[in-house]
Amino acid sequence: MKPAPADPSFDFELLQRREDGTPGRNRLAWLWLLGLLGLLVASIVALVLYLRTFEAEEEDRRRVADTQWLEQSVRFHFNRLEDDMAAVAHKVLGSGKPFASGQATDINGGQLWSEPGVILAHGWLPARDGATTPPILAPLRADSAAHRENAEALATMQAITRGLRRPAYAGLMRQADGQRRDVIWLAVPVFERGEFAGDYLASLSLDAAVAGLVPDWFRKNHHLRLLDNQQVAQASLPRQDLHLAQMNLQGADLALWVQPLGSQPAMVPRIFFLVALLFLLGMLASLYALRRDFGKRQRVEALLQAQVALRSAMENSVTIGLRAWALNGRILYVNQAFCRLVGFEAHELVGQTAPLPYWPRDQTDELQSLHQHIIAQGTLDTGMEVQFQHRDGHLIDVLIHEAPLNTASGEQLGWMSSVLDISERKRAERKAARQQERLEASGRLVAMGEVASTLAHELNQPLGALSSFASGLVNRLHKGGITLEEMGPVVERMNQLSDKAGRIIQRVNAFARRHEMSRQRIDLVAFMRRMMGPYRQQGTVAFRLVMDDAPLWIDADALLLEHAVHNVVSNALHWSRLGGKPATVQVSLAREGYFACVAVSDSGPGVSEEQKEHVFSAFFSATEDGMGMGLAICRSVVEAHHGRIEIGRDPVLGGARFVLWLPLSGVMPQEPVPGEEQVGSRAMPGQSVQDNHPTPAANTPPTQPTPVP
């Protein structure tokens, strides 16, 4: 691979990490490795074939050995049974008394003679019939009469014992329906002085005999099945898989089919096979890793070439200046965008150290200190704003972000800088600052106007009352119709009105100067009872107050809240007389979730849809003599208490329905403020109001509290 052409604008000296020459790859070694792999694969295949043949032969040899052992064991036990019966027969002849089933003997017989359930019946059958009938004839005649084949087999058995002078068997016995039973007969002949004396007969159960003579360890590993010649001929298994233990019973062609229950594979060949397989897998893994390493190196080389080409294209296309420098402050690399930014060529900047050519001369000391700080710590995430000087002399505002420049091993070589020209943004910020100053000046004028309007609206009532009291007092003084005792309450009332006006001025002044409200924990139920007392005494409008007796505690400025409620109730009293029906005003108070709900309804004409959008705007009034500040002040006060005021139509009275939502003391609501999407927020002049405090849904039906008499 040809090396990439050197880039004159980049100093690769520190980034180069040369490695020693990689080990050579010998083709002959590859051929030996592949030959060894082929030999190993051939060995594994041969071993697998040998293992399969060896296991099959070993399994067949074991089955043959088990079958031969069982055959010898069966032949031995039945020979011993024949000897035991011959001994019993000679004892009968010696004693001259008949002997039959159930009679005790002192013969120490073999396993089949002693095993319970093997001998079903036995007895002596003499050659000549005597006066008495032998007991053994009863079961013998029963089996002979049950089926024709039974009679033939029993007759053949007796003929063999008489003619051939050796024990003989007959069976298996059949039932009357032709089904075979596991019963055979054994006849042992006895001769005296060359004359046939008789047979000793026994009826045997083959299932019990096999169960008695086959040990348990053999049964755990083999399944035994009794077959006769006919069943053997009908067996569908191949002859090499049909392992039969011939019982060699003269006259009864019977065999035991031996079926192993489990195989016992040879472990040594399997272990050797596993070891060889592990070596093969290791060899394959090594070859795969080597091949993968070759491919990875080729891909890395191709990727490196592509990255160099891509990097060059990206550096030439970006408009952000890029600069790389070492920890000693020496510039390693600059891109074309950085060169255009400062007006210098790349070869003029690479290798330079502080002071750099693009530093303003009057800021050299400051930039030198900043340069050392960046080398030691870098920049913050927000970047660093400095000024560069173009080659032609004009200053450039730039934003610099630094990132560590590390090698592949993690060693830091220096810093990589991104330099963004923010001159236009700084000019826009300075222009926006000048415009903001003008807006703030205009805002102060508007705030002063709103404060003046608020003072005029709020002071109208106490000043009007003061004027009325003063005029009445002057008239009575001129007429001489008032005494000093009568003047005291009037002057005291005038003093209260003047104090109230002073508090209004102080509170509005505090709002205008962004001072905190004087919040206190008050019982809204008691507060509303006290406020609504004067309204309930006037007789021109039917006034109803509906609330519960349980207290509702809120944190509020009592004076401001009194102004807000007073304005809403006064507005309802005014419009209730214009509805064309009996003037009625209803004020209800209830708790809804985290909020106290104050609803003021009237029987007036209501608020039209067009007026709903402007009813809370300043200087908007539906009457000719109104200032349009009452409801605007109400909304500002309620929102200053983190609440919300809404307007709608009362379904019962038919007029307007104003609802004031005020958060309860000590709870933080988690539900959205009703109507927040429809009505924007507005604060008192100079007061910052938070609109993120929720209230219950506007359509939530209030609970029906107990009417207050």
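Nothing fancy with the numbering, it's 1 onward along the sequence.
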Query raised in the report: Can you tell if the side chain of Leu561 reaches within under 4.5 Å of the side chain of Ile522, non-hydrogen atoms only?
Result: yes

Query raised in the report: Going by heavy atoms in the side chains, are Leu660 and Val568 under 4.5 Å from each other?
Result: yes

Query - Heavy-atom side-chain proximity of Leu332 to Leu405 below 4.5 angstrom - result: yes

Query raised in the report: Under 3.5 Å, is there a donor-acceptor pair between the Gln586 and Ser601 side chains?
Result: no

Query raised in the report: Can you find a pair of side-chain heavy atoms, one from Val386 and one from Val398, that are under 4.5 Å apart?
Result: yes

Query raised in the report: Does a side-chain N-to-carboxylate-O contact under 4.0 Å join Arg323 and Glu402?
Result: yes

Report summary line: Residues Ser576 and Ser603: closest non-hydrogen pair is O-OG, 3.6 Å

Query raised in the report: For His478, what residues pass the ring-ring contact (aromatic ring centres under 6.0 Å, His included) criterion, not counting sequence neighbours?
Result: none

Query raised in the report: What's the spacing between Leu367 CG and Arg361 CZ if we round to 0.5 Å?
Result: 13.0 Å

Query - Pi-cation contact, Trp575 with Arg577 (under 6.0 Å, within 45°) - result: no

Report summary line: Taking every heavy atom of Val638 against every heavy atom of Ile645, the minimum-distance pair comes out as CG1-N, 4.0 Å

Report summary line: Val659 and Cys597 have their tightest heavy-atom pair at CG1-SG, 3.5 Å

Report task. Show the numbers, then the answer: is there a salt bridge (charged side-chain N to carboxylate O under 4.0 Å, His left out) between Arg425 and Glu385? Result -> CA-CA 12 Å; Arg425 192 184 76 182; Glu385 295 183 4; 3.1 Å; yes

Report summary line: Value for CG (Leu524) from CG (Leu552), rounded to nearest 0.5 Å, stands at 6.0 Å

Query raised in the report: Excluding sequence neighbours, so at least two apart, what forms ring-ring contact (aromatic ring centres under 6.0 Å, His included) with Tyr358?
Result: Phe338, Phe388

Report summary line: Distance col, row Gln363:CD vs Gln389:CD, nearest 0.5 angstrom, shows 8.5 Å

Query raised in the report: Under 4.5 Å between any side-chain heavy atoms of His401 and Met384, yes or no?
Result: no

**Report entry** Nearest non-hydrogen partners of Ser665 and Arg521, listed with the distance
**Finding:** OG-NE, 3.3 Å

Report task. Answer whether the closest heavy-atom distance between the side chains of Ser418 and Ile400 falls below 4.5 Å. Result -> no

Query - Check against side chain to side chain contact (heavy atoms under 4.5 Å, CB included), Val569 and Met532 - result: CA-CA 9 Å; Val569 175; Met532 298 298 107; 4.0 Å; yes

Query - Rounded distance (nearest 0.5 Å) linking atom CZ of Arg635 with atom CG of Asn567 - result: 14.5 Å

Query raised in the report: Going by heavy atoms in the side chains, are Tyr594 and Leu664 under 4.5 Å from each other?
Result: no

Query raised in the report: Does the side chain of Thr353 come within less than 4.5 Å of Asn328's, by heavy atoms?
Result: no

Report summary line: Closest heavy-atom pair, Ile554 versus Ala596, reported as atoms and distance to 0.1 Å, is CG2-CB, 4.4 Å

Query raised in the report: Side-chain donor-acceptor pair under 3.5 Å between Asp397 and Gln387, yes or no?
Result: yes

Query raised in the report: Which atom pair, heavy atoms only, marks the closest approach of Cys339 to Phe344?
Result: CB-O, 3.0 Å

Query raised in the report: If you measure from OG1 on Thr407 to CD on Glu411, what distance do you get to the nearest 0.5 Å?
Result: 5.0 Å

Report summary line: Those residues at least two apart in sequence (or on a different chain) that pass salt bridge (charged side-chain N to carboxylate O under 4.0 Å, His left out) with Glu562 are none

Report task. Give a yes or no on whether a salt bridge exists between Arg657 and Glu646, defined as a side-chain N under 4.0 angstrom from a carboxylate O. Result -> no

